[in-house]
Structures are given as C-alpha cells and as structure tokens.
Amino acid sequence: MHPQITAVLSKAYPYNLMPNDIAQDNAEKVLNYIEDINLERNVVFRPTLWGSLSIAWKISDWEYQMECVKNGYIIYSFTKCEYEKAGGCELFDDFIPQFEKFLLML
C-alpha cells in the first residue's frame, strides 16, 4: 500500500468515517499513476468526513482535485489559473483518459 494511504489510515480521525477498500484501491491507483508519469510530486492527500480520500495535485498553474469515493467513483475538478476547465464523476477506467487529456495541456 502507498505510504500516504498508510499514514492516513494509521491516524485517528474521530469524526471521519474510515475509507473502505474500494476508495483505498482507487486512491492507490491514482497515486501510482501520478508517480508513473514522473512529474512534480507536490500532492496533498487527506481523508474526508464521508470516508473518501481526497487528492490535490498542483503543477504550475494547473490544479487537479480528485476524490476517491466509497462507491468506486472518482469525483474530479481540473482548474487552470483558478478557472475550472473540467469536472465530473467517473469510474477509474473512464477517469484516466480525462486525466491524461488535461495532463497533456501542461
């Protein structure tokens, strides 16, 4: 398991629901994908109150917000210079092509 996920799961968050295996698995896939493309790694990773895992990644003037939710979907918003360029809710396999498309705009 990715060290960032392990760190989140090992901390006690008394008012947060724990992320289920589906949310953890999708977060793992997204973090591995980010590592594989070998760009800057200023990723902020945190749990949410609802038991999902939130990932924020900023590269130059682009910001990628992704939330791996318990039902297997990834809710995302991609912004450039604080203007939303894309957003939606997709399963992992449908999310990656959208993510790749906006990564190519760097």
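What's counted below: heavy atoms across the whole structure, side chains too, no hydrogens, waters or symmetry copies.
- Among residues two or more places apart in sequence or in another chain, the side chain to side chain contact (heavy atoms under 4.5 Å, CB included) test is passed with Thr6 by Met1.
- The backbone N or O of Asp21 lies less than 3.5 Å from no partner atom in the side chain of Asp25, so there is not a single donor-acceptor pair.
- Side chain of Asn26 to main chain of Gly72: a donor-acceptor pair is present (N/O by atom type, distance under 3.5 Å, no hydrogens or angles).
- In this structure, CD on Glu35 lies 3.5 Å from NE2 on His2, to the nearest 0.5 angstrom.
- No donor-acceptor contact under 3.5 angstrom links the side chains of Gln65 and Glu67, judged on distance only.
- The heavy-atom pair separating Tyr76 from Cys89 by the smallest distance is CE2-N, 3.9 Å.
- Side chain of Asn20 to main chain of Lys70: a donor-acceptor pair is present (N/O by atom type, distance under 3.5 Å, no hydrogens or angles).
- Contact detail for Thr79 and Ser77: the closest heavy-atom pair is CG2-OG, 3.9 Å.
- The closest side-chain donor-acceptor pair between Tyr33 and Glu28, if any, does not fall under 3.5 angstrom.
- When every heavy atom of Leu53 is checked against every heavy atom of Gln24, the shortest pair comes out as CD1-CA, 3.9 Å.
- Between the OG atom in Ser52 and the CZ atom in Arg46 there is a gap of 10.0 Å [rounded to 0.5 Å].
- Residues Tyr64 and Phe99 bring their aromatic ring centres within 6.0 Å.
- Note that CD of Gln4 is 6.5 Å distant from CZ of Phe45, once rounded to the nearest 0.5 Å.
- How far CD1 of Ile59 is from CG of Leu103: 6.0 Å, rounded to the nearest 0.5 Å.
- Figure legend: Lys85 and Phe78 shown without cation-pi pairing, the cationic atom not lying both under 6.0 angstrom from the six-membered ring centre and within 45 degrees of its axis.
- Of all heavy-atom pairs spanning Pro19 and Leu9, the tightest one is CD-CD2, 3.9 Å.
- Counting all heavy atoms, side chain and backbone alike, Asn71 lies closest to Tyr73 at OD1-N, 3.2 Å.
- A search for side chain to side chain contact (heavy atoms under 4.5 Å, CB included) contacts involving Lys101 returns Gln98, not counting sequence neighbours.
- Between Val30 and Cys68, the closest heavy-atom pair is CG2-SG, 4.3 Å.
- By the rule that hydrophobic residues join a cluster once side-chain heavy atoms approach within less than 4.5 Å of another member, Phe92 and Ile37 end up as members of one cluster.
- With sequence neighbours excluded, no residue satisfies side chain to side chain contact (heavy atoms under 4.5 Å, CB included) with Asp93.
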